[in-house]
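Data first, discussion second: the structure below is written as structure tokens.
Numbers restart at 1 for each chain; the letters A, B, ... are given by sequence-line order, proteins then strands. All figures in this text were calculated on a predicted structure; none of them were measured in a lab. The basis for the numbers below is simple: all heavy atoms, side chains too, and nothing from hydrogens, waters or symmetry mates.
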2 protein chains.
Amino acid sequence: METILPKFDSVFSIDCVIFGFDDGELKILLIKRNEEPFKDWWALPGNIIQHDQSIDLAAERILYELTGLKDIFMEQFHTFGDVNRHPQGRVITVAYYAMIRLNGTKELKPISNYASKAVWIPVNDLPKLAFDHEKIFSRGFDKIRNKISYQPIAFELLPEKFTLTQLQQLYEVILSKKLDKRNFRKKMLNYGILKELDEKQKGVSYRAAKLYKFDKRKYAKLFQKELTFSS
Amino acid sequence: METILPKFDSVFSIDCVIFGFDDGELKILLIKRNEEPFKDWWALPGNIIQHDQSIDLAAERILYELTGLKDIFMEQFHTFGDVNRHPQGRVITVAYYAMIRLNGTKELKPISNYASKAVWIPVNDLPKLAFDHEKIFSRGFDKIRNKISYQPIAFELLPEKFTLTQLQQLYEVILSKKLDKRNFRKKMLNYGILKELDEKQKGVSYRAAKLYKFDKRKYAKLFQKELTFSS
DNA sequence: AATATAGTGTGTATTCTTTACACTAAGTAA
DNA sequence: TTACTTAGTGTAAAGAATACACACTATATT
């Protein structure tokens, strides 16, 4: 039973709730812990913050080591600092969420020292998690549920080209409610932040839908105005 | 030039943006630093987090030591972790905002070791601040500006009994825009979260306005619904 | 007693936004 | 050719947001 942390000192860490959207399901990336405490438990990916690294960089590093991805949308959402959240000493953790595109199946990089594997698990089907990670996850989920209503973060989860139905499904799983198709499309198209492409969906056994792209330039123009994406 | 922090270790601290509303002005509480670095500069009240103290408690302690107040509305809003934000070593700081009632003039408690005085300063008239405290303040201000639009935090800043005009003025200073009196009153009263009292304002040399209270019980009932308090 | 002053308190019409709701069109598979 | 599955579309009604101006009341002043 190794002691990683000296009992007498505080340590800072990062934990990440990494969202992906695949096959109509919202998932997060979990790792299986290799080490005590909570050996063999599922946990959020995380790590100690190094002295020469800003916390934002530390978060990006974790994501990169796990997925090989860079320049991903990430944002800090809360810092958890209860005295006893870590059984081996005082660890304060800054939590981030990230959103990544799972185009089909994304290969995960081999995992480093402290975890034996990393897997995408649907948010509606999560196992028990180590430490206070369930609390962290649920607060992160609240955060994106709230944020998606007024910021265009949904597009970070979709492939670059997507159909309006896919976009709507994503809103529905995040908000956990059904939306009206006609109203949703009307509203989305009205914002003028989608570019309609000349392409259509391929490989479906029914009428193919038009593809759209998120138009960052138009969005930037409207940026001063707040948009409302929910309901 | 004393060195408070060992160069080789990380330290966690708390900084607080403490808002008060007085005489039509929004103010925050600043302290004058007694010690290096940034001796004699104005700064946000803050402190090191002790090992046996959760970060929420640490924040409450700072507020209590400074104002003698307990059970005040406080919320964490961001953690600042740039490598060089503190000239003497790595200090990661968790920032909180608080809102307190300044009924007339509130006496501040005598200040502890690291500060020579604490003063209420209007947010529109802030001096240069130590460290990255300007950034912290401005993010905290953004936070309440955003939050006041959908949560009843404004009442934390007003005396228990207030007039609709006072309430409107507070919204106006936080949102930095003029609001229409008739629309504001209509909207506020429609929410049904204000209790109209049988009392009137006293000591004014013009027609006295009715006093209202925030009705927490009614608010709790509506709580599932999000309210919109802006515009 | 009359008047000036300063802030309180109120209603309506217009525009914009949100919601509710159901059928035809297009493509694929048999 | 037919059956199946999803794409794509419009309108009416209700609700929310905005714009806008004047009479009322309490006090202070002369």
Side-chain angles (χ1 to χ4, degrees), chain A residues 23-25 148-150 158-159 161-173 175-213 222 224-231, chain B residues 21 23-25 148-150 152 158-159 161-173 175-213 222 224-231:
Chain A
D23 201 16
E25 277 191 315
I148 200 181
S149 304
Y150 60 93
L158 291 172
K161 300 170 182 182
F162 52 85
T163 69
L164 287 178
T165 302
Q166 287 169 338
L167 183 61
Q168 182 177 343
Q169 281 169 349
L170 176 54
Y171 272 85
E172 288 179 340
V173 300
L175 298 172
S176 319
K177 67 176 174 192
K178 270 274 171 214
L179 301 175
D180 179 87
K181 183 160 62 156
R182 278 176 291 191
N183 293 338
F184 181 82
R185 294 162 97 93
K186 201 192 324 175
K187 199 169 175 182
M188 271 299 156
L189 294 173
N190 259 344
Y191 287 134
I193 58 172
L194 296 183
K195 187 189 289 172
E196 183 178 334
L197 303 176
D198 279 337
E199 279 175 86
K200 298 204 162 180
Q201 232 178 348
K202 279 181 187 135
V204 288
S205 69
Y206 46 78
R207 175 178 179 183
K210 271 187 226 158
L211 291 172
Y212 291 80
K213 262 177 135 167
L222 297 174
Q224 32 283 60
K225 289 198 202 179
E226 291 245 324
L227 306 184
T228 310
F229 294 93
S230 65
S231 88
Chain B
F21 180 62
D23 201 16
E25 276 190 316
I148 201 180
S149 305
Y150 59 92
L158 291 173
K161 301 171 183 181
F162 51 85
T163 69
L164 287 178
T165 301
Q166 287 169 337
L167 183 60
Q168 182 177 343
Q169 281 169 347
L170 176 54
Y171 271 84
E172 289 179 341
V173 299
L175 298 172
S176 319
K177 67 175 173 191
K178 269 272 171 217
L179 301 175
D180 179 87
K181 183 159 62 154
R182 277 177 290 192
N183 294 338
F184 180 82
R185 294 161 98 93
K186 201 190 324 174
K187 199 169 173 180
M188 270 301 156
L189 294 173
N190 259 344
Y191 288 134
I193 58 171
L194 296 183
K195 187 188 290 172
E196 183 179 333
L197 304 176
D198 279 337
E199 279 174 86
K200 299 206 161 178
Q201 233 179 349
K202 277 180 189 135
V204 289
S205 69
Y206 45 79
R207 176 179 179 183
K210 272 185 225 158
L211 291 171
Y212 291 80
K213 262 176 133 166
L222 297 175
Q224 32 283 58
K225 289 198 203 178
E226 292 245 323
L227 306 185
T228 310
F229 293 93
S230 64
S231 89

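- Contact of the Leu194(A) side chain with the Phe162(A) side chain is registered, since non-hydrogen atoms from C-beta on lie closer than 4.5 Å.
- Along DNA chain D, the nucleotide closest to Asp180(A) and the one closest to Ser205(A) are compared, and the more 5′ of them pairs with Ser205(A).
- Under the side chain to side chain donor-acceptor pair (under 3.5 Å) criterion, Gln201(B) pairs with no residue, sequence neighbours left out.
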### Task
Take Met188(B) and Tyr171(B) through the side-chain contact (heavy atoms from CB on, under 4.5 Å) test and state the conclusion after the steps.
CA-CA 11 Å; Met188(B) 270 301 156; Tyr171(B) 271 84; 3.6 Å; yes
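- Summarising the geometry, the separation between NZ on Lys202(A) and P on dG27(C) is reported as 14 Å, rounded to the nearest angstrom.
- Note on Thr165(A): only backbone sugar-phosphate atoms sit closer than 4.0 angstrom, heavy atoms only; bases stay farther off.
- Atom pair Met188(A):CE and dT17(C):P shows a separation of 15 Å (rounding to whole Å applied).
- Protein atom CZ of Arg185(B) is 13 Å distant from nucleotide atom C1' of dC24(D), rounded to whole Å.
- Atom C1' of nucleotide dT28(C) and atom CD of Gln201(A) are separated by 13 Å, given to the nearest angstrom.
- In terms of modelled atom types and a separation under 3.5 Å, the side chain of Gln168(A) and the main chain of Leu179(A) share a donor-acceptor contact.
- Distance from the side chain of Ala209(B) is smallest to dT8(C) among dT9(D), dA19(D), dT8(C).
- Considering only the side chain of Lys187(B), dA17(D) comes nearest among dG7(C), dA17(D), dT18(C).
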### Query
Thr165(A) and Arg185(A): side-chain contact (heavy atoms from CB on, under 4.5 Å), yes or no, with the steps?
CA-CA 9 Å; Thr165(A) 302; Arg185(A) 294 162 97 93; 3.9 Å; yes
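- Regarding Lys177(A), its NZ atom lies at a distance of 12 Å from the C1' atom of dT19(C), rounded to whole Å.
- Residue Arg182(A) contributes atom CZ, which lies 11 Å from atom P of dT11(D) at whole-angstrom precision.
- Per the geometry, NZ belonging to Lys186(A) stands 13 Å off P belonging to dT9(D), to the nearest Å.
- Between Lys181(A) and dT9(D) there is no side-chain polar atom (N or O) within less than 4.0 angstrom of OP1 or OP2.
- Here dT3(C) presents its P atom at 25 Å from OH of Tyr206(B), a figure rounded to the nearest Å.
- Contact of Lys210(A) with dG8(D) (side chain to base): no donor-acceptor pair of N or O atoms is detected under 3.5 Å.
- Out of dT8(C), dG11(C), dG27(C), the shortest distance to the side chain of Lys200(A) is found at dG27(C).
- Contact annotation: side chain of Arg207(A) to base of dA25(C), donor-acceptor pair present below 3.5 Å.
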